[in-house]
Amino acid sequence: QVQLVESRGGLVQAGASLRLSCAASGIRFSDYTMAWFRQTPGKAREFVACITWKFGTTYYAPSVKGRFTINRDNAKNTVYLQMISLKPEDTAVYYCAADQYGVGDFKIDAYEYWGQGSQVTVSS
């Protein structure tokens, strides 16, 4: 049984930092490109960042580039999203996702497995 379990998010003030983690089980983690997406009510889920399985290449949405960092620890089957200089517009439910042998896709339907989501709220 495949599980992606995100850490609890939280409520922070603008300018603060927060790190999310996502622990995977039931998959060969090192074979999966891992990504973070986010969603706010009434809007489509959007790509945030991903890190490829083979070379660890990272990709970011323009809105978070320079503020968010994705990395992975294959020994712990965990992917992280370090967020700094948070803004109110970063408020969303954050989801991690896994794509076997993925090349680093921005599209939701490229990803086979999803976590349950973690709420991040940034107050102004």
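Since the structure is predicted, the reported quantities are computational estimates derived from the model, not experimental observations. Positions are given from 1, in the same order as the sequence printed here.
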Query raised in the report: Is the NZ or CZ atom of Arg72 positioned over Phe29's six-membered ring, under 6.0 angstrom from the centre and within 45° of the axis?
Result: yes

Query - Verdict with supporting geometry, Arg28 and Asp31, salt bridge (Lys or Arg N to Asp or Glu O under 4.0 Å) - result: CA-CA 6 Å; Arg28 186 171 176 170; Asp31 289 347; 3.7 Å; yes

Report task. Consider only side-chain N and O atoms of Glu89 and Thr91, and report whether a donor and an acceptor are under 3.5 Å apart. Result -> no

Requested in this report: Using the test salt bridge (Lys or Arg N to Asp or Glu O under 4.0 Å), find all partners of Lys107 that sit at least two apart in sequence or belong to another chain.
Outcome: Asp105

Requested in this report: Quick one: list whatever passes side chain to side chain contact (heavy atoms under 4.5 Å, CB included) with Ala23, sequence neighbours left out.
Outcome: Thr78

Report task. Please lay out, stage by stage, how Leu18 and Val120 fare under the test side-chain contact (heavy atoms from CB on, under 4.5 Å). Result -> CA-CA 9 Å; Leu18 191 64; Val120 173; 3.9 Å; yes

Query - Min side-chain heavy-atom separation Glu112-Val2 under 4.5 Å - result: no

Requested in this report: Considering only Ile, Leu, Val, Met, Phe, Trp and Tyr, and joining two whenever side-chain heavy atoms are under 4.5 Å apart, list the other residues clustered with Tyr101.
Outcome: Trp53

Requested in this report: Output, in order, the C-alpha distance, side-chain angles, deciding distance and verdict of side-chain contact (heavy atoms from CB on, under 4.5 Å) for Tyr32 and Tyr113.
Outcome: CA-CA 10 Å; Tyr32 283 76; Tyr113 302 111; 3.7 Å; yes

Report task. Kindly give the heavy-atom pair with the smallest separation between Leu20 and Met83, and that separation in Å. Result -> CG-CE, 3.8 Å

Report task. Could you pull out the closest heavy-atom pair between Pro88 and Ser124, with the gap in Å? Result -> CG-CB, 3.8 Å

Query raised in the report: Between Tyr94 and Arg38, is any side-chain donor less than 3.5 angstrom from a side-chain acceptor?
Result: yes

Query raised in the report: Which hydrophobic side chains are connected to Val93, either touching it within the sub-4.5 Å cutoff or through other members that do?
Result: Phe37, Phe47, Tyr59, Tyr95, Phe106, Ile108, Tyr111, Trp114

Requested in this report: With side-chain contact (heavy atoms from CB on, under 4.5 Å) as the test, would you mind laying out the steps for Ile70 and Val79 before giving the verdict?
Outcome: CA-CA 7 Å; Ile70 187 172; Val79 62; 3.8 Å; yes

Query raised in the report: Restricting to pairs with a member in residues 73-104, which pass disulfide (SG to SG under 2.5 Å), not counting sequence neighbours?
Result: Cys22-Cys96

**Report entry** Closest non-hydrogen atom pair, Ala49 against Leu81
**Finding:** CB-CD1, 4.4 Å

Report summary line: For Asp73, the salt bridge (Lys or Arg N to Asp or Glu O under 4.0 Å) test, sequence neighbours excluded, returns none

